[in-house]
Amino acid sequence: MTIEKVTVSPLLENCYIVGDETTKEGVIIDPGDEPDRILRRVASLELKIGKIVNTHAHVDHVCAVQAVKEALGAAFYLHPAEAMHFPRLQESAAMFGLSGARVPTVDVELVDGDVILFGSSRMKIVSTPGHTPGHCILIVNQDVFCGDLIFAGSIGRTDFPGGDYPAIVASLESAILTLPDETRLHPGHGPSTTVAVEKQYNPFLRGLTARPRATPGGHAASDIM
Ligand SMILES: [Zn+2]
Ligand SMILES: [Zn+2]
């Protein structure tokens with residue numbers, strides 16, 4: 001599997017391009033800004049992108065979605081609870097100095113436990129509310145695209161509209177701490193890390209315990225490991 005990171009905008013948001021090496025089919029995660037740079041990288045990788053999947057819809061993660069979607073003819077996947085950010089998207093973009101913000105049209109609603117296929121690869125969707133109500137992490141084998149749930153040495157803020165600190169703690173306990181230690185975490189900002197490193201050094205995980213979630217659907221983040 002190919003994983004390419006393109007860090008965009010003054011907010012240094014990580015957009016990821018993930019490709020299946022055999023079929024050359026790929027997915028773009030969180031195209032936050034600078035669509036031309038993202039499209040150039042897609043072209044140089046010679047990938048066919050059918051899907052854009054977002055972890056959440058904060059302005060720094062969605063500004064380039066519509067432009068990339070139109071250029072590639074891809075479908076956009078987002079959890080329905082994230083539409084709450086759209087009414088203030090232009091205003092927030094202007095505030096952070098982001099260019100060309102357009103509210104993207106959602107083609108497919110993400111559902112907890114769904115699996116999205118690209119080539120022979122499988123991407124599992126796990127709902128992780130807290131940073132935002134509809135935040136999801138995206139799991140492809142031992143690589144987790146974790147948006148703003150967790151960063152190297154930190155966790156997502158919960159003081160924005162829709163943020164919920166007890167909810168992010170529950171998401172970290174059920175969706176991150178239950179993953180195998182060697183799992184690689186690719187956050188929405190900053191460098192990639194692993195579950196083992198964060199368990200040892202991330203001060204926000206101190207005192208938290210791995211708690212598999214007992215939901216009616218019964219999905220655990222580690223189901224496909
Ligand atoms: Zn965010
Ligand atoms: Zn962010």
Side-chain angles (χ1 to χ4, degrees), residues 1-3 5 13-20 23 25-32 49-58 61-62 65 68-69 74-86 104-151 155-156 162-164 167-180 183-188 192 195 210-225:
M1 197 175 60
T2 309
I3 299 177
K5 176 163 83 171
E13 188 266 340
N14 295 329
C15 165
Y16 294 95
I17 304 166
V18 185
D20 183 288
T23 67
E25 285 169 80
V27 172
I28 298 180
I29 299 166
D30 290 359
I49 303 289
K51 290 157 187 162
I52 300 167
V53 185
N54 262 55
T55 58
H56 66 302
H58 270 157
H61 294 248
V62 293
V65 169
V68 169
K69 179 181 139 111
F76 179 44
Y77 290 62
L78 181 71
H79 192 285
E82 290 299 292
M84 70 168 285
H85 305 296
F86 291 155
T105 47
V106 178
D107 300 292
V108 184
E109 293 190 343
L110 291 178
V111 176
D112 182 45
D114 269 3
V115 172
I116 293 174
L117 303 174
F118 57 105
S120 54
S121 302
R122 296 159 56 83
M123 172 182 281
K124 176 159 182 179
I125 310 303
V126 178
S127 167
T128 51
H131 176 65
T132 60
H135 192 286
C136 293
I137 60 169
L138 318 171
I139 305 179
V140 185
N141 300 318
Q142 290 200 330
D143 290 285
V144 177
F145 301 91
C146 49
D148 292 355
L149 172 60
I150 183 166
F151 308 110
I155 61 169
D164 181 333
I168 203 170
V169 166
S171 291
L172 290 162
E173 291 189 325
S174 66
I176 298 295
L177 291 178
T178 53
L179 293 168
T183 309
R184 292 178 287 268
L185 301 173
H186 305 287
S192 295
V195 168
R211 266 182 239 279
R213 196 166 35 144
T215 58
H219 304 296
S222 52
D223 275 0
I224 60 164
M225 292 298 164

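- Here the CG-CD1 distance, from Leu172 to Ile150, works out to 5.5 Å after rounding to the nearest 0.5 Å.
- Checked against the 6.0 Å centroid threshold, His56 and His79 do not count as a close aromatic pair.
- Contact of the Ile3 side chain with the Phe145 side chain is registered, since non-hydrogen atoms from C-beta on lie closer than 4.5 Å.
- The shortest heavy-atom contact between Lys5 and Ser192 is NZ-N, 4.4 Å.
- Rounding to the nearest 0.5 Å gives a distance of 10.5 Å between CD1 of Ile17 and CD1 of Ile52.
- Atoms CG and CZ, on Asn54 and Phe76 in that order, are 4.0 Å from each other to the nearest 0.5 Å.
- In this structure, the separation between CE on Met123 and CD1 on Ile139 is 10.0 Å, given to the nearest 0.5 Å.
- In this structure a side-chain-to-backbone donor-acceptor pair under 3.5 Å is present from Asp20 to Thr23.
- Here the side chain of Ser171 pairs a donor or acceptor atom with the backbone of Pro129 at under 3.5 angstrom.
- Looking at every heavy atom in both residues, Phe151 comes nearest to Pro187 through CD2-CB, 3.7 Å.
- With Asp112 contributing its side chain and Ser127 its backbone, the two residues share a donor-acceptor pair below 3.5 Å.
- Here the CD1 atom belonging to Ile49 is positioned 9.5 Å from the CD atom belonging to Glu25, to the nearest 0.5 angstrom.
- Between the side chain of Lys69 and the main chain of Val106, no donor-acceptor pair closer than 3.5 Å is present.
- Shown here for Val65 and Pro104, the closest heavy-atom pair between the two residues is CG1-CB, 3.5 Å.
- In terms of the ring-ring contact (aromatic ring centres under 6.0 Å, His included) criterion, Phe118 has no residue partners (sequence neighbours excluded).
- No hydrogens or angles considered: a donor-acceptor pair under 3.5 Å links the side chains of His186 and Asp143.
- Without hydrogens or angle criteria, Glu82 side chain to Gly134 main chain gives a donor-acceptor distance under 3.5 Å.
- Between the side chains of Glu13 and His61, at least one donor N or O lies within less than 3.5 Å of an accepting N or O.
- Taken from CG in Asn141 to CE in Met1, the straight-line distance is 6.0 Å, to the nearest 0.5 Å.
- Between Tyr77 and Asp114 the shortest side-chain heavy-atom distance does not fall below 4.5 Å.
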Given side-chain contact (heavy atoms from CB on, under 4.5 Å), test Ile116 with Leu110 step by step and report yes or no. CA-CA 9 Å; Ile116 293 174; Leu110 291 178; 3.8 Å; yes
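- The nearest pair of heavy atoms linking Thr178 to Glu173 is CG2-O, 3.6 Å.
- Considering Leu149, Thr55, Ile125 as possible partners of Ile137, the one that fulfils the side chain to side chain contact (heavy atoms under 4.5 Å, CB included) test is Leu149.
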Determine, stepwise, if the pair Val27 / Val140 fulfils side-chain contact (heavy atoms from CB on, under 4.5 Å). CA-CA 11 Å; Val27 172; Val140 185; over 6 Å; no
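- When all heavy atoms are compared, the tightest approach of Cys15 to Pro31 is SG-CA, 3.8 Å.
- The shortest heavy-atom contact between Val195 and Pro180 is CB-O, 3.6 Å.
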